[in-house]
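Taking it in order: structure first as C-alpha cells, then the write-up.
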Amino acid sequence: AEDKTLVVRFYDDPAGFDPANIFRIENENIAFNIFSGLTTYDGKTGKIVPDLAESWETKDNLTWTFRLRKGVQWQKGYGEFTAADVLYSYKRILDPATASPYVSELTGIETMDAPDPYTVVIRLKAPNGGFLHTVANYHQGQIVKKEAIEAAGDQVRWKPVGTGPYYLDSIDVSSRIVLKRHDGYYKGPAPIATLDFHIIKDDATAAIALRNGEIDLLMRQSKEEQLQILKDAGFKMNHVDNYASSLKVMNFSDPILKDVRVRQAIAHAIDYPAITAAIAPSLQGAATSMLMPWMDVFSKDAPTYPYDPEKAKKLLAEAGYPDGFTLKTLGTSAQGVTEQQQFEIDYLSQVGIKMELELVDTPTFNQRRNKGEFMTASRLLPAINPDMILFSYLHPVNIAPKGLNGARYNNLELTTTIEAARAEADPERRMELYAKAQKIVMADLPYIPATSSNVFWPSKTNVEGVNINYLAQVNFWDVTK
Amino acid sequence: MAHISISLPAFRSFQLQVSDMPGLMRLLSNRRIQAALLILVPILLLTVFRPFLPIPGPLETNLRAMTKPPSLDHLFGTDRMGRDLLSRTLAGVQISMFVGFAVALLSLCVGLVMGTLAGFFGGVIDRLMMTITDIFLAFPSLLLAIGLVSVMGTGMLPVVLAISLSDVPRFIRLQRSLVLSLRSRAYIDAARTVRASQMWLMTRHIIPNTIAPLLVAASIAAANAILVEAGLSFLGLGIMPPAPSLGNLIRDGQTYLEQAWWISTLPGTVILLIAISLHFLSDGIRQVLDPRSRK
Amino acid sequence: MNELRPLRNSLLDVRNLHAHFLTDAGTVKAVNGVSFQIGQGERVAIVGESGSGKSAMAMSLLRLLAYPGKVVSGEINLDGRDLNRLSERQLNEIRGREVGTIFQDPMSSLDPVMRISKQMIPPIMRHLGLPQDKARAEAINWLDRVGIPDAARRIESYPFEMSGGMRQRVMIAMALSCRPRLIIADEPTTALDVTIQAQIVELLKELTAETGAAMVFITHDLGLVARFAHKVGVMYAGKLVEFGAVRDIFARPLHPYTQSLLDTIPPAHQQERRRLVQIPGVPPDMKQAVLGCAFKERCAGAHRHCFETAPELDMRQPGHSAACWLPDGLGQDRFVEQALIPAMEPSGEPGDSRVVVEINNLHKHFVSRSSLPWRKPPVLRAVNGISLRISKGEALGIVGESGCGKSTVARLLLGLDPATSGEIFIDGMAQMVFQDPSSSFNPKMTLSNIIQEPLVVTGWGTRTERQGRVRELLSQVGLDESYLHRYPSQLSGGQRQRVAIARALALKPSVVVADEPTSALDVSVRAQIINLLMDLKQKLRVSFVFISHDLLTVSYISDKIAVMYLGEVVEYGPADEVFHNPAHPYTQALITAVPIPDPEAEAARAQKPLSGELPSPLNLPTGCSFASRCPEATDYCRTHKMVLKPFSKTRETACHYAS
Amino acid sequence: MLTYSFKRLVQLLVTVLGVVTLVFFTMRLIPGDPISAMAGDSLSGAALDQMRNQMGLNDPLLVQYLGYLARLAVLDFGSTVTTKLPIIELIVGALPITVSIAIGTIILTVLISIPLGTVAAYMAHKGNRVLDNIITGIAMVLDLMPPFWTSLVCLLIFSLTLGWFPASGTVSIDDPVALLRRVALPVLVLSMAQVATLARITRTSVLEVLNEDYVRTARSMGWSELHVLFRHALKNAALPIVTVIGLSFGNLLNGTVIVEFIFTLPGIGNLLVGGMNSRDYQMVQTLIVFYAMIFVVINFATDLIYRVFDPRVQF
Ligand SMILES: Nc1ncnc2c1ncn2[C@@H]1O[C@H](COP(=O)(O)OP(=O)(O)OP(=O)(O)O)[C@@H](O)[C@H]1O
Ligand SMILES: Nc1ncnc2c1ncn2[C@@H]1O[C@H](COP(=O)(O)OP(=O)(O)OP(=O)(O)O)[C@@H](O)[C@H]1O
Ligand SMILES: [Mg+2]
Ligand SMILES: [Mg+2]
C-alpha cells in the first residue's frame, strides 16, 4: 500500500496505554489499535466478533474454551502469539503487584489452562453469560507480551507492544502520538501507513485546524455549534449514536429519595427529549433506560416516564411532599452549570422541587461520587457490556464506596434475577431474565435515565471507513484516505 | 494570558507622591474622572433599575427566540437558550462590579493593615511580611485560584478570594512603601515629641494619607479583577453559569463568534467600557494627586 | 519717556518681553513686559520674591520654557539678532554657544546616568568644531579652571560621584566651555552651603571677568547681589520695577518694594536689635489682570493714581530707573517709621537665669546594618561629644555647614532619636518647629486639629478648654480665628510656619527647637516669622534653639551661638561676640563667606573663601577635625584632638591656637 | 556584589522553601487526589484505594513532606504521579516553548510600546493632548480585551481566513521556522495585553524625565529635541521600564496558560493546568519550585540590568 499519513486530532494529554491501568476513552482508542483481545466489537453493529480467538465454546457459561488464531505476530519482533500470552496477560491483571483497577473484572476466573499453544480454557467460579465482553479488546481483555512488559520496566504505559494493526512509533506526551502500520497484522497491513495524532485540546481550535486542512480527522467534536459549522462546510460527520447514557444517581441513603414515588416524580417532571432537542440535537438524545437500545439484551417492555408534571405533582403529594423539597445535586465545575442542568432546575421547579447544585472540580467530584457522598449525581455509563452495567451499578456487593453502586441499591429480587441471567446458558431464557431485570430497575428507578450521547468524529470527505463503535472507538484498520 | 496572572502592573509604576487630600470638587472637575463617571453612572443606573426595565429576566429562557441578533425586542440579541442578552449583560455588570469592588476592597483592607504594620514597625515584622509577600508573588496566581476553587467550590467568594490573594501582596508592598515615605515626615515627628502612641500615629497620620494612592491602585485592581474573573470563567474556575457574570457571557459566546457575533461581543464591549472607565478613574485620581499637574 | 535707547555697546537688548503659562486654570502672565539691556561683560542681578517671574524671564530668553510656558511677544536682541524670531534649529546654534546657562539645582541639572565627559565634550565638538581629542582637552582644561581636582580623571565620573559643590562647578564649566558671550544663571548657589556658595560666586566672578562674558544672575539673596553684581533689576509680578547700578540701588532705592526688601534683612551691624520691616500682604495672582500698580496693596505710600494706572519703568538718573509714581518711593519717611518700632530689650533678666536645658558630652552614632553578617558595619558619627546649656528665655543659635549634625542635635533634644551616649536634661518639655512647611502638617487635618493634637494626645483639659487654648494660641501667633477649619494646603508658607509655632507652644514647653524655620520662606515673610519668634521669646520667656545656615539671621535672633563642625561644637558664646570677633578659624571663614547686603562693605571685605568641603563623618580625622581645611593648621593640629575650652570670660572655643 | 549575591541566594532559598511548603500542604488540603482525578466514570472505590496504597499516598502527611524535602534537597524532582514520566524532562521539553512565547512577547511588546510611549510622552510634554490620548486609548483597549477572546478572533482571522499561520501542529525548537509560525499568534495576543502596560510606564517615566532639570540643561546646550529625547530621556526612564519588563517576563511564564490551551502549544502553562487537574502533586510542586526560582532569578537579572542603565545603582 501507499505510505499515506492520516493526521488525527487527539483531545487531551495522553495518560499511557498499559491495559492494566489505562484510563479515559481517548487513550483506549490508541490501545484499541495497538492491542487485540480474544474478541472484539464490530465497528458497525457493535456485536462481539472473533479477534485473537477464532472461535469459542461454552455449554454452561462456566467453562469457556477459546481456539486461538495461528500465526499472529507480535509487533516489534516479539514473535508469534500463543496461549501463554493470554494466560500471562490475565494473571498480570490479577497480580496484586500490578494494582490494576480492573482486577475485579477477572476475579470470577477459577482456573486458566492452555492445553496447547492455540487453546485456552477458562473455568469461572460462577456462570457468566457475558464473559465474552470480559475478554474483548478492552483494557483487561487486551493481551500483552511478557517479554515486552518486562523490558519496559515501569514505563509499560509508554511502551505498549500488541498484536493490533498499528504499533506505537513515537510519542511526545505533550503534543503528539505517532502510530505506524504493523505490517505483520494478521488481517493484513492497514491501508494507512502512519497515524499522526496531534494534541489539540480546544474544540474550537480543532475545528479550525480541520477547516484549515491541518488535520484529516477530528477525534470527538463535542461543541454543538462547531458541529454545525463543520457540517455546513461540507465535512463528513462520522458518528455513533447512543454510545452511552447519562443517569441521575438517586442515593438510597437519602431519606427523601428512598421513596420510589419521589424518584418517579422526578422522572416524570423533566422533559429530556425537549431539553436535548433544544441544546444539542446532534450530540444528545433522551435516554429511556440504563441499557442502550442497540444492546442485544435491551428490552422495550420496561416502564418509561414520559413528561407529565401533573403526575409528578401527584406522586410527590402522595409521598408526603406536596410542596416539594430540595434536591441537592453534585456536579463538576468544569463547565459550570450546564445548559442541561439549567433546564432541569427549571423543570423541577415547576413541580415544586428545588434543585440545588453543588459544583466541585473534577477530581473532587470523582472522589465524592465514588464514596457515595451526595444526594444525587450524574454518571455516564460507557460500558458495552450490559451484564457489567447491571452488576456494577445494581448489585449490593458493589455498593459505594467499594464499588460503583452509588445509589446503594439493594433489591433482592433484582439481585437474584441478574445473577440468574448471568448464569443462564439458554439464550432465550437469559433474555427473559434480562427483560425482567430491566422492568424491576425501571420501576424502582435507582438511576433515572437522562440523556444518551452521540459521538462525532468529523473528517475530510476523502476519509473513509471511520466506524465508531459503541465504545466510541475507531478501528483504524478500516480507515482509508 | 496576562490577565489570569492577575498582574497589577500599575502598581509598579506607582510613583505617586503622597500629598494633600484631593477635595471632592477637585476630583469631580478632573476630565478623566468626568469621562469615567459619564460611562459608569448610566451603566450602574441601568443595572440597578434592571428589574424595572421592560426586559425579560436574565435567566428566563425562551425557546422561541433562540440566538436572535440584536433587534428592537432584544437590544443585545438573545443567546442560544433564548435569554435576553441585555438583561444578562446588566445582571452580569452587577456581578462583575461586585467582584471588582469586593476584590478591591478586600485587597485594600488587608494591604492597608499588613502594609502599615510592616512599614511602620519595620524590623522582624517587616522582613517576615516581605518574605511572605515574596512567596505569594512567586506563586502562580492561577494555581492559587484552582486551589481555592477546589477547596471552596466555585462561586463568588472563592473567585474574589483567589483574585485578592494575588493582589494583596502588591497592596501590602504599596502600602509599605507609602508608609515608609510618610514615616519620616515632620508631622509624625511633631506628634512623637508629645509622646503620641503608635496607634495614634498610624490611625491619625499615616493611614489617612495613604488612602488616596491606595484608591488609585484599588480602582485598577477592580478593573483587573473583572477581567481576571472572565479569564477564570474561561477555565471553568470563575463564577458558575448560569449566573451571567460578564466573563461567562463572553466565554459562552466566544465559540459562536462566527454564527452569532453578538453573544460575546456586546457584553465584551460593556466590560471594556467599565474597565476603561475604572482606569480613567484611577488616572484621574492620580492626576489630581500629582502635585505637578496641579498648577 | 519709557523709550529705552539702546546702549551703544549693549550685548543683550530685551524689549517688552511677555511670557505666559497656559494652564487649565487660566493664563499665568509670568513675564509681563520686561525690557532691559546688558552691556558686554556686565553682571546683572535679578532679584525679587518667589513667583515674581525671574526664572520665567530668564528661560524665555532662550525659549527654554517648558509647556505650558510660552514666550508670547517681545524682542530679544543678542548682538542685533532677535532670538525670538529664530527657528528652533537656529536657536540651537545660539544655545550653549553664544549663551551659556547655569541652573539652580546642581543635584538635578546634570544627567545622572551619563559620564561628565559625555555631557561636556559633544557640545564643545559641535559648537567649536573641534575634533574629539581637542574637545576633550578643552573640557578638562575647563574643569581644571573651575577647581575640580584631578580633572583628567574626574571627567570620567558620573555626577553622583561628586558633591553638590563639585557638580555646580561642572555646570559652570559646561556653561562656559564654548566661550559664550552671555551667561544666564538662575540661582546658581541657592542650594549650596554658605562656604561653597562663596567659593562658587568667587569663581563666577573671576571667570566672567577673564572671558569677558556678560551675565544675568538670578537670586533671592540681596547679600549676594551686593557682593557680585554690577547692576540690579528688581522684579515684581512679572515686571521690572527698578533697574540700576548696584551701588545706586543699595544706597538710594527708589521703588517702595526695593526699599522694603532691603529693610527686611537683619542688619549685620546693629548694636541693639530692632524689629525687622515686614512687607504686608501677598503678591498678586498673576492669572488675574492687574489694574494699576501691582504693588499698590502692599505699599504704604500708595495713592489713588496707583490704583488706576500702572507706572512704567522710567529713567530717574543716568543708569537708574524705577517704576513708581512717587519720585522717591517711600522716601526717607520709612526710616522715621522704622525708628518708631521699639528697640528690643535684651532678653533673659539677670535674676532668672535658671538653666532649662543641659547637654553633657552628647554622642550620636549611626550604625548602618552590616551587609554581610561577619563584616563590621560602618559607623557615622553625626554628633561627637557636645555639651551645651540654655537658660530660661535664652535663644541659642546653632550654625554650621550642611551635615555637621545640627538637625541630629535637635532630634536628640526632642527625644525623637535615642542618644548613643551622653546626657540631656530638660526642665520641662521641648517642642519643635520644622523647616519644610509642606511636610510639617498632616494634610488631612484642619488647623484646629493640628494645633490641638498635642493637647489631645496628652489628655489636656476638656474639649472646650482645648478649643479655648487653640484660640489663644492662634492669636499669639497672629492668625485669625477664621483659619481654624482650613487645611494646611490652604495657607501660605508664612501662615503655615505660624501654625507650626502655635502647635509647638500648645503645651507651654520650656524650650522650642526651630530647625531652619525660615529657610523655606521668602524674605518678606522671613522677617515676619523672625519678628514673631522674637516677640514670643520675650512675652512667654520660652527658650529657643534656633538652627540655621543663615548666620545673619542666627546672630540677629540668638543670645548665644554654637558653631558646629563635624558633630562637634568648635565655638560657643554670646552671639554678638562670636559674630563680630570670631575666635575659631572655622567661624571666621564662615562669617567671611556670608555676603552682606551692602556693596560698599562687601567691596571692603577681604574675600578669601574657605576652600574644600566638609569631610565625611564616616571616618573622622584623628586630630582637630577642621585641620584638613584650616588655613593655619599645623602638624600638631593634624595629630592632636582639641576639645572646647574657655577662650574668654564668656566664650569657649576649640582651637589650639586661638588666643 | 558578593554581598548582594549572598543576599539573593538566601532570598532564593527562603522563597523556594516557603513556596514548596505552601504548595505541598495546599495540594493535599484540597479535595481530590491523583487517583480520583484519574478515575473516570467506571472505576470503583476499592480499586482506586489499592492504587493509592501502592503509591504511598496513604502515608502520614509529615512523612510524605519530609520525604519530599529530602528528595528535593538532592535535586531529585521525581516523576509524575500517574504517568511516571520524569518531570524534569517534561519541564525541559515545555520550557523552550513557553520561553519563546515569553521572549517573543517581550520583544514585540518592547518594539511597539517603547516608541509608542515615548511619542505619547513627548506629545504630552508639548501639550498635544489629543495624540497622547489617542495612543494611550488604543493601548488601553488592547490591554483590556480578554485574551481568550482575542485568541479566537486572531485564529479566525489569521489562521482560517488569511491562512497565514497554522492553528495546530507540533512544535519543537529543532525547527525554528515552524516554531516561529506557531508562536506568532500567541505572541501577538499576549503582546496586546502587555503593550498598554509598558507603553504607559514608558510614557509616565519619559514624561517625568522630560520635566527634569538635566533635560533643560541638555536643551540649553543646544541639543535638538530628538537628541534630548533619545539620548537623555529614554536612558533615564529606563529603570521603571526595565522593572516592568522583568516583572512581565515572570508573569508571562506564568500567564501563557490560555494561549497555550487555545493555540495548542505544549508549554509550561499546559503542564501546570494539566498537573493541577490531575492532582499530580509531584508535577505541580516541581513546577512551583521552578516558578519561584525563575521569579527570584528574574529579579536578580533585573537588578543587574539596572546597573547597566543607572550607574548609581550599587550592590
Ligand atoms: N509650569 C508652570 N505652570 C504654570 N505656572 C507656572 C509654571 N512655572 C511657573 N509658573 C508661574 O509663573 C510665575 C513665575 O514663576 P517663576 O518660576 O518665574 O518665578 P521665580 O521668580 O523664578 O520664583 P522663584 O524665586 O521661586 O524661583 C509664578 O506665578 C508661577 O506660579
Ligand atoms: N537617620 C540617619 N541615619 C544615618 N545617618 C544620618 C541619619 N541622620 C543624619 N545622618 C547623618 O548625620 C550627619 C549629620 O546630619 P544632620 O541632619 O544632623 O546635619 P545638619 O547639620 O542638620 O545638615 P543640614 O544643614 O543639611 O540640615 C550627616 O552626615 C547625615 O548624613
Ligand atoms: Mg525661579
Ligand atoms: Mg538639618
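Order of the sequence lines sets the chain letters (A, B, ...), proteins ahead of strands, with each chain counted from 1. Keep in mind that this is a model prediction, so the values were computed, not measured.
Contact of C:Met174 with chain D is made through backbone and side chain together, with heavy-atom distances under 4.5 Å. For C:Pro68, no part sits under 4.5 Å from any heavy atom of chain D, backbone or side chain. Of the atoms belonging to C:Glu93, not a single heavy atom falls under 4.5 Å from chain D. Of the two parts of D:Ala218, neither the backbone nor the side chain holds a non-hydrogen atom closer than 4.5 Å to a non-hydrogen atom of chain C. Proximity to chain D involves both the backbone and the side chain of C:Pro122, based on heavy atoms less than 4.5 angstrom apart.
For the set D:Ala238, D:Ser224, D:Gly222, the entry with the most heavy-atom pairs within less than 4.5 Å of chain C is D:Gly222. When the candidates C:Ala175, C:Pro112, C:Ala66 are compared by the number of heavy-atom contacts under 4.5 Å with chain D, C:Pro112 comes out ahead. Between chain C and the options D:Arg216, D:Lys235, D:His232, the largest number of non-hydrogen pairs under 4.5 Å is found for D:Arg216.
The side-chain tip of C:Arg169 does not point at the ring of C:Trp142 from less than 6.0 angstrom away and within 45° of straight on.
By the 6.0 Å contact criterion, CZ on C:Arg126 is enclosed, its count of non-hydrogen atoms from other residues, nucleotides or ligands being greater than 12.
Using modelled atom types and a 3.5 Å distance limit, the side chains of D:Tyr122 and D:Glu225 yield a donor-acceptor pair. In the model, C:Arg89 has no side-chain atom that pairs as donor or acceptor with a side-chain atom of C:Asn92 under 3.5 Å.
Although no hydrogens or angles enter the test, the distance criterion places no donor-acceptor pair under 3.5 Å between the side chain of C:Glu156 and the main chain of C:Arg153. Judged by distance alone, the side chain of C:Arg181 and the main-chain N or O of C:Glu98 form no donor-acceptor pair under 3.5 Å.
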